[in-house]
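Quick caveat: nothing in here was measured; it's all calculated off a predicted structure.
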Amino acid sequence: MGVLNLQEWQKIPIALTELCINTSLRCGQSFRWRKSDQGIWSMALHGRILYLHQDSENLYYHTPLASDTKKDTSLPLINHYLNLQPNLSQLYKSWSSADPVFARTAPKFTGIRILRQDAWEALVGFICSSNNNIIRISQMVDKLCRNYGPLIGEIEGETYYDLPTPQALIGDEVEGKLRELGFGYRAKYIAQTAKMVVDKGGTEWLDSLRNPESPILGVKEKSATEWKVEGRDGYRAAHQALMELQGVGPKVADCVCLMGLGWGEAVPVDTHVWQIAQRDYKFGKGKHSSLTKIMYDAVGNKFRTLWGKEAGWAHSVLFTADLRAFSERLVSKVEIKEEVLLPVKKEEEDVDDEGLQQVEITKKILTKRVKEEGEDGEEEKTITEISENIRRKKRIRR
DNA sequence: ACGAGACCTACAAA
DNA sequence: ATTTGTAGGTCTC
């Protein structure tokens, strides 16, 4: 991508704590954005190619090749797509004051904003997401666009396709073709779901499930029904309707509700969130150790109680912090220098009624070199951890 | 209601 | 060099 000439670009003053595209565009919400090595994000959106770039003071946008009328509509489109209306730092403050766990994690993950994607795009993307990683999901969505979507344009040697409509995916050959393209078992899900969506009324049917407070571009807001801990009625109805589709379980349905239909209270509970719930919110102790439907709903209700109407937004902050690609931000580059095991004692110990046990205690001295990302570059330090290892060995019957 | 397998693929880690 | 595990789950017994 050519030289970044920001003078031709439009800009919106915005702080990184209000929006951080480097995080928001690659934390697994949207799978079509590309980033050039000069830090320019690009994607085909609503019939045009959109470039984005951000520094500490401004968000810059540019629509190369677009007609003047399309350029004129880019600002409202960006406001809509990037969901710039809510005051994010205010929301972070209120989530932090309600929840010490959030308060501890959030400072390193500011500016994470839920995008307002098209419902159909979110649906397709998240059907692809099962048992999968973000890189491959992105590759799959790209293949879908290149094989079935409309060509939007070519610039700087890059071609841009938009997502295919559901109607473009109802052919009998689609499932086989998608399998060839490496979709695996998700090929059937996409093909079936496309047919079902067309059957139910296409993207208009999907949009009928939207949060009326977050309508599609150009449609006037209406107020949603009253708040409940389990989510508003419209959200519950949308979730239930989506679950009828092939390849759409509770988690994918919640992703579509949150990122494609504007229901801020939707909390997708995946393996990451379930682990967070167990580790930091005392879920899964004793009974209910697995993520059953009961537990799935309980986790969502817990977070909605804690964080309120935009619980899904807060959830995404903790989710992102848990992603492998971002975990370096918590502790980056841990290198083990030395590990020493010192025998301390070895003895036999009484165990109630059971007999004698051999007990071996060792001290583990672990020296690590840790690099942490600070404001200006990296900081290196050496950490020494000492832990006691207790190994109970054979049982000796009395 | 709950649990266990199977399901496609690619790529890192052992 | 092969094998194993895992990555934003869902469906079917």
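Residue A:Ile135 is classed as having no contact, given no heavy-atom separation below 4.0 Å to the nucleic acid. Contact annotation for A:Val248: backbone-only contact, meaning every heavy-atom pair under 4.0 Å involves sugar-phosphate atoms and none involves a base. Residue contacts for A:Cys27: at a heavy-atom cut-off of 4.0 Å it reaches a base atom on one of the strands shown. Counting any heavy atom pair closer than 4.0 Å across all strands shown, A:Leu245 reaches sugar-phosphate atoms only and no base atom.
Distance A:Asp297 CG to B:dA1 P: 12 Å, rounded to the nearest Å. Between the C1' atom of B:dC2 and the CD1 atom of A:Ile294 lies a distance of 10 Å, rounded to the nearest Å. Computed from coordinates, the A:Met140 CE to C:dG9 C1' distance equals 12 Å when rounded to whole Å. Per the geometry, CD belonging to A:Gln275 stands 12 Å off C1' belonging to C:dT6, to the nearest Å. Nucleotide B:dG3 holds its C1' atom 14 Å from the NZ atom of A:Lys293, rounded to whole Å. Going from atom CG of A:Asp142 over to atom C1' of B:dT9 covers 16 Å, rounded to whole Å. Going from atom NE2 of A:His288 over to atom C1' of B:dA1 covers 11 Å, rounded to whole Å. Rounded to whole Å, the distance from CZ on A:Arg324 to C1' on C:dG5 is 11 Å.
Between A:Glu121 and A:Arg32 there is a salt bridge, since a side-chain N of the basic residue sits under 4.0 Å from a carboxylate O of the acidic one. The residues A:Lys195 and A:Glu175 are annotated as not salt-bridged, no charged nitrogen and carboxylate oxygen being separated by less than 4.0 angstrom. Using a 4.0 Å cut-off between charged nitrogen and carboxylate oxygen, A:Lys293 and A:Asp297 do not count as a salt-bridge pair.
Both tests pass for A:Arg34 against the ring of A:Tyr160: distance under 6.0 Å to the centre and angle within 45° of the axis.
Taking the six-membered ring where the residue is Trp, A:Trp9 and A:Tyr51 present tilted rings, their angle falling between 30° and 60°. The aromatic rings of A:His53 and A:Tyr60 lie tilted to each other, with the angle between the two planes from 30° to 60°. Relative ring orientation between A:Tyr296 and A:His239 is described as tilted, the plane-to-plane angle lying within the 30° to 60° band.
Going from the P atom of B:dT9 to that of C:dA1 covers 24 Å, rounded to whole Å. For C:dA7 and B:dG3, the C1' atoms lie 22 Å apart once the distance is rounded to whole Å. Rounded to whole Å, the separation between the P atoms of B:dA1 and C:dG9 comes to 23 Å. A distance of about 14 Å separates the P atoms of C:dC13 and B:dC8, rounded to the whole Å.
Taking every side-chain heavy atom of A:Asn131 into account, B:dC8 is the closest of B:dC8, B:dC2, C:dT10. The side chain of A:Lys251 has C:dT10 as its nearest neighbour among C:dA7, B:dG3, C:dT10. Ranking B:dC2, C:dG9, B:dT9 by closeness to the A:Arg136 side chain, first place goes to B:dT9. The side chain of A:Ser290 lies closest to B:dG3, out of B:dG3, B:dA10, C:dG9.
Between A:Gln246 and A:Asp270, the one whose closest nucleotide on DNA chain C sits nearer the 5' end is A:Asp270. If you find the closest nucleotide of DNA chain C to A:His315 and to A:Met243, the one lying nearer the 5' end belongs to A:His315.
Two rings, from A:Tyr92 and A:Phe102, have their centers less than 6.0 Å apart. The aromatic ring centroids of A:Phe319 and A:Phe109 lie 6.0 Å or more from each other.
Contact annotation: A:Thr271 reaches the phosphate of C:dG9 (side-chain N/O to OP1 or OP2, under 4.0 Å). Phosphate contact (OP1/OP2 of C:dG9, side-chain N/O of A:Ser129, threshold under 4.0 Å): absent.
Near DNA chain B, meaning a heavy atom under 4.0 Å from it, residues 172-194 of chain A has A:Arg179, A:Gly182, A:Gly184, A:Tyr185, A:Arg186 in order of number.
With a 3.5 Å ceiling on both atom-pair distances, B:dC8 lacks any Watson-Crick or G-U wobble partner.
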